[in-house]
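Not measured: the values here are computed from a predicted model. Chain letters run A, B, ... following the sequence lines, proteins first, then strands; residues in each count from 1.
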2 protein chains.
Amino acid sequence: MGITKSEHFTDEQNELATLAKALGHPARIAIVQHLLKVNSCICGDIVNELPLAQPTVSQHLKELKNAGLIKGNIEGNAICYCINEEGFNSIKSFFDHINTYLENKKNQCC
Amino acid sequence: MGITKSEHFTDEQNELATLAKALGHPARIAIVQHLLKVNSCICGDIVNELPLAQPTVSQHLKELKNAGLIKGNIEGNAICYCINEEGFNSIKSFFDHINTYLENKKNQCC
DNA sequence: AATTAATATCGTAATATTGCAATATAGATA
DNA sequence: TATCTATATTGCAATATTACGATATTAATT
């Protein structure tokens with residue numbers, strides 16, 4: 001049905017899924033990678049970096065912002081984007097958990 | 001158009017996006033969390049754990065398997081699933097990069 | 001061989017996502 | 001104020017995802 005039964009899952013599960021989903025498109029990975037590289041923000045530059053039209057990029061930026069993975073500051077008539085620490089911190093403990101698990105090499109099928 | 005322009009992005013960007021996308025649904029987060037908890041695998045148990053019908057769970061398991069995040073072993077007429085280290089290792093360096101970046105607190109907008 | 005049990009696949013309806021042209025908005029500048 | 005520049009929003013077509021009933025498959029059990 002294309003409609004996710006969010007109400008049947010925990011808040012944590014829904015939040016992690018929302019964050020992962022926001023990263024689930026190569027354009028949005030590219031945006032995050034670019035922000036990690038140039039550190040301080042840009043926006044028209046992101047449009048120039050990506051092989052997509054300006055409205056499409058704007059939409060991807062909106063999704064990353066809504067998920068809490070990037071922030072945008074108004075700078076005159078331009079908007080400056082950068083990484084939002086909060087969103088990535090929410091993911092961190094999940095992956096820390098997985099890494100600890102994998103380091104202990106318990107992951108064998110039956 | 002609902003069709004992603006994968007060919008315009010790098011292999012790394014597409015791979016990370018595929019992995020993130022596979023985790024971009026609460027049911028699939030729940031499956032991974034369950035496998036982390038019970039360690040060795042199960043399958044009918046996963047169906048019982050989730051508030052979804054058996055074909056739906058089967059579909060989610062398939063997506064996680066295709067992404068390389070879980071593995072399945074045939075055990076008689078049952079199938080035993082567990083975490084697949086490889087998939088999660090691919091994500092690790094991306095998040096390590098982000099964590100290093102955030103620890104250096106360079107993330108300020110213009 | 002027939003039945004049971006566990007899982008996958010098919011088919012389909014409902015909804016979501018992707019992409020962009022056209023247009024709107026808002027600030028800067030002439 | 002008119003215009004330019006940067007970004008967002010709207011509207012829509014194409015495609016993808018989600019969910020599940022019905023059915024198929026495969027192996028164990030009787």
Round to the nearest Å and state the distance from [X] atom [atom1] to [N] atom [atom2].
X	N	atom1	atom2	result
Ile31(B)	dT7(C)	CD1	C1'	13 Å
Lys62(A)	dG19(C)	NZ	P	16 Å
Lys5(B)	dA16(D)	NZ	P	15 Å
Leu23(A)	dT17(C)	CG	C1'	16 Å
His8(A)	dC20(D)	NE2	C1'	13 Å
Glu63(B)	dT17(D)	CD	C1'	8 Å
Ile46(A)	dA8(D)	CD1	C1'	14 Å
Asn66(A)	dA16(C)	CG	C1'	15 Å

Kindly give the heavy-atom pair with the smallest separation between [X] and [Y], and that separation in Å.
X	Y	value
Leu19(B)	Ser90(B)	CD1-CB, 3.6 Å
Leu23(B)	Ile91(B)	CD1-CD1, 4.2 Å
Ala30(B)	Gln13(A)	CB-NE2, 3.5 Å
Ala67(B)	Ala22(B)	CB-CB, 3.5 Å

Can you sort out which residues in residues 9-16 of chain A have a heavy atom within less than 4.0 Å of DNA chain C? Ascending by number, please. none
If you take any heavy atom closer than 4.0 Å to DNA chain C, which residues from residues 50-61 of chain A end up in contact? Leu52(A), Ala53(A), Pro55(A), Thr56(A), Gln59(A), His60(A)
Of the listed dA19(D), dA8(D), dA8(C), the closest approach to the Ile79(A) side chain comes from dA8(D)
Under 3.5 Å, is there any donor-acceptor pair linking the side chain of Asn77(B) to the base of dT26(D)? no
Considering heavy-atom distances to DNA chain D, does Ser6(A) or Ala78(A) have its closest nucleotide positioned more toward the 5' end? Ala78(A)
Please tell me which of Ile3(A) and Gly44(A) maps to the more 5' nucleotide of DNA chain D, matching each residue to the nucleotide holding its nearest heavy atom. Gly44(A)
Might you confirm whether atom CG of Asp11(B) has over 12 heavy atoms from other residues, nucleotides or ligands at distances under 6.0 Å? no
More than 12 heavy atoms of other residues, nucleotides or ligands under 6.0 Å from CD of Glu86(A): is that the case? no
Please check the phosphate of dA16(D) (OP1 and OP2 only) for any side-chain N or O of Lys21(B) closer than 4.0 Å. no
Working to the nearest 0.5 angstrom, can you tell me the gap between Leu16(B) CG and Phe94(B) CZ? 5.5 Å
In this structure, CZ of Phe88(A) is separated from CD1 of Ile98(B) (nearest 0.5 Å) by 4.0 Å
Using a 4.0 Å heavy-atom cut-off across all strands, classify Glu75(A) as base, sugar-phosphate, or nothing. nothing
Regarding Lys65(A), tell me which of base, sugar-phosphate or nothing describes its non-hydrogen contacts under 4.0 Å with the strands shown. nothing
Tell me, please, which residues at least two apart from Asp96(B) pass salt bridge (Lys or Arg N to Asp or Glu O under 4.0 Å). Lys92(B)
For Ala27(A) and Thr4(A), take the nucleotide of DNA chain C holding the closest heavy atom to each; which residue's nucleotide lies nearer the 5' end? Thr4(A)
Give the ring-plane orientation class for Phe9(B) versus His25(A), where under 30° counts as parallel, over 60° as perpendicular and anything between as tilted. perpendicular
